[in-house]
Amino acid sequence: MALEKQHVLTKKERAVMRAVYQAADKKSGECLLSPLDLFDTLSLDFDFDEEELDGTLRNLEIDDYFDVTRSDRKGELVYCINMHQKGLAFARVEKAFRTNVKFKIILTLICGVCSGVAAWGVKEIIQRLAGL
């Protein structure tokens, strides 16, 4: 099982995508978000400025997650977002990716334990044959 190659979003892009998905999922894939709404939703671990947020939204739009229309509401910038299929499937793909990674970690640990037990068993057999 290879890791999915379509999962190539950066940490900041995934954080923005989660925020947009949460807002749009409640309204059938469409939402109006201001930059302040997005900044409130984003974790404080990510240091975003408004230009970087706009660039990240543009990158996600290029990757066909959603369409973004920039509008003006009472002098405030508002993003009108309409999710595409890839954007609506984001949560499912994210969950499948995490499950896949967890499975691979557990499989690696099990193989490591089995290798250790096999090495110990071979050592014991050799010691008994050698009469040590």
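Heavy atoms only: backbone and side chains are in, while hydrogens, waters and symmetry mates are out.
- Annotation: salt bridge (Lys or Arg N to Asp or Glu O under 4.0 Å) contacts of R92 (sequence neighbours excluded): none.
- With hydrogens and angles ignored, the 3.5 Å screen pairs no side-chain donor or acceptor of E61 with any backbone N or O of R58.
- For the pair S71 and C80, the tightest heavy-atom approach, listed with the atom from each and the gap, is CB-SG, 4.0 Å.
- Under the side chain to side chain donor-acceptor pair (under 3.5 Å) criterion, D67 pairs with H84, not counting sequence neighbours.
- A single hydrophobic cluster is not seen to contain both V78 and L42; linkage of ILVMFWY side chains at heavy-atom distances under 4.5 Å, directly or through other members, places them apart.
- Linking ILVMFWY side-chain heavy atoms closer than 4.5 Å, directly or via other members, places F90 and V68 in a single hydrophobic cluster.
- How far NZ of K102 is from CG of L107: 16.0 Å, rounded to the nearest 0.5 Å.
- For the side-chain contact (heavy atoms from CB on, under 4.5 Å) test, residues two or more places apart in sequence or in another chain that qualify with D49 are E51, E52.
- We find the CG-CE distance between L57 and M17 to be 10.0 Å, quoted to the nearest 0.5 Å.
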Quiz item: Run the side-chain contact (heavy atoms from CB on, under 4.5 Å) check on V20 and F66 step by step: do they pass?
Solution: CA-CA 9 Å; V20 170; F66 46 72; 4.0 Å; yes
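- Under a 4.5 Å side-chain heavy-atom cut-off, the cluster of Ile, Leu, Val, Met, Phe, Trp and Tyr residues that includes I106 is completed by I110.
- Cluster annotation: L32 is not connected to L53 through the hydrophobic network of ILVMFWY side chains, with a link wherever side-chain heavy atoms come within less than 4.5 Å.
- When the side chain to side chain donor-acceptor pair (under 3.5 Å) test is applied to Y21, no partner is found at least two apart in sequence or on another chain.
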Practice problem: Applying side-chain contact (heavy atoms from CB on, under 4.5 Å), run through M83 and Y65 and close with a yes or a no. | Solution: CA-CA 6 Å; M83 301 287 275; Y65 283 93; over 6 Å; no
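- Separating the CG atom in N82 from the OG1 atom in T69 is a distance of 8.0 Å, to the nearest 0.5 Å.
- The line from NZ of K104 to SG of C111 is 12.5 Å long, rounded to the nearest 0.5 Å.
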Quiz item: Does the side-chain contact (heavy atoms from CB on, under 4.5 Å) test come out yes or no for T41 and V16, once each step is laid out?
Solution: CA-CA 9 Å; T41 308; V16 170; over 6 Å; no
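- In this structure, W120 shares a hydrophobic cluster with no other residue, the cluster being traced through Ile, Leu, Val, Met, Phe, Trp and Tyr side chains under 4.5 angstrom apart.
- With sequence neighbours left out, K74 forms a side-chain contact (heavy atoms from CB on, under 4.5 Å) with no residue at all.
- Listed by chain and number, the residues in a side chain to side chain donor-acceptor pair (under 3.5 Å) with N59 amount to none (sequence neighbours excluded).
- Shown here are the salt bridge (Lys or Arg N to Asp or Glu O under 4.0 Å) partners of D37, two or more places apart in sequence or in another chain: there are none.
- Remark: L129 CG to E124 CD distance equals 11.0 Å, nearest 0.5 Å.
- In this structure I105 satisfies the side-chain contact (heavy atoms from CB on, under 4.5 Å) test together with V101, L109, sequence neighbours excluded.
- Under the side chain to side chain donor-acceptor pair (under 3.5 Å) criterion, E30 pairs with no residue, sequence neighbours left out.
- Contacts of L77 classified as side-chain contact (heavy atoms from CB on, under 4.5 Å), with partners at least two apart in sequence or in another chain: P35, E50, R70, Y79.
- When all heavy atoms of K86 and D64 are compared, the pair lying nearest together is CB-O, 3.5 Å.
- Shown here is Q85, whose CD atom has no more than 12 heavy atoms of other residues, nucleotides or ligands within 6.0 Å.
- In plain terms, the two heavy atoms of S34 and E76 that are nearest each other are CB-OE2, 3.2 Å.
- Judged by distance alone, the side chain of R14 and the main-chain N or O of L9 form a donor-acceptor pair under 3.5 Å.
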